[in-house]
Amino acid sequence: MADAVDQISALKVKDRSARLDGTILTLTIAPTLACNFACDYCYESRTGGVMKAETQEALIRFVDHKLYRSEGLRICWFGGEPTLCFPLIEKLQQQFHKLAEKHRVKMYPGTIITNGYLMDADMARRLVELA
Ligand code: SF4
């Protein structure tokens, strides 16, 4: 009988090792620190607006520069609550795709850490399209 394989654990190990693999540029991006919740245990400042235009431009330049020596790009959206500024996520995600094409690197499916309150079918569908 073949050895049983814990496929969930195997996938977790694969995912974690890919994150630590220096050849894949892995970024966690907070487009805002604002949040529509007020959890007691929260350590976030939950203040401030949307990421400034100059910060967005610097981020794009940073990714463009780093992709010269990377084999892939993976984005995790974080906050605050990232869905509060979903149009910005759409805009930046499209720009990341263009940069991945320019550098001929793989764009790995992204992730989003969200409280889910604003998530509806349209937003979920759009995230899949932009992944
Ligand atoms: S949803 Fe997250 S960011 Fe918002 S208050 Fe709760 S813990 Fe903080």
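Atoms within each ligand, like the ligands themselves, are counted from 1 in listed order.
Atoms of ligand 1 lying under 4.0 Å from at least one heavy atom of Cys35, given by number and element, are 1 (S), 3 (S), 4 (Fe), 5 (S). Less than 4.0 angstrom separates some heavy atom of Tyr41 from each of these atoms of ligand 1: 7 (S). Atoms of ligand 1 lying under 4.0 Å from any heavy atom of Asn115, numbered from 1 in the order shown and given with element: 1 (S).
For Glu81, no heavy-atom contact with ligand 1 is shorter than 4.0 Å. Contacts of Cys39 with ligand 1, taken as heavy-atom pairs under 4.0 Å, involve both backbone and side chain.
In this structure, Ile29 CD1 and Ile112 CD1 are separated by 11.0 Å, a value rounded to the nearest 0.5 Å. Note: Gln95 CD to Gln56 CD = 7.5 Å, rounded to the nearest 0.5 Å.
Salt bridge absent: Lys98 and Glu101 never bring a charged side-chain N and a carboxylate O closer than 4.0 Å.
Between the side chain of Thr55 and the main chain of Met51, no donor-acceptor pair closer than 3.5 Å is present. No donor-acceptor pair closer than 3.5 Å links the side chain of His103 to the backbone N or O of His65.
No hydrogens or angles considered: nothing links the side chains of Glu81 and Thr32 as a donor-acceptor pair under 3.5 Å.
For atom 8 (Fe) of ligand 1, the closest heavy atom belonging to the protein is Cys42 SG, 2.3 Å.
Protein heavy atoms are absent from the 4.0 Å sphere centred on atom 2 (Fe) of ligand 1.
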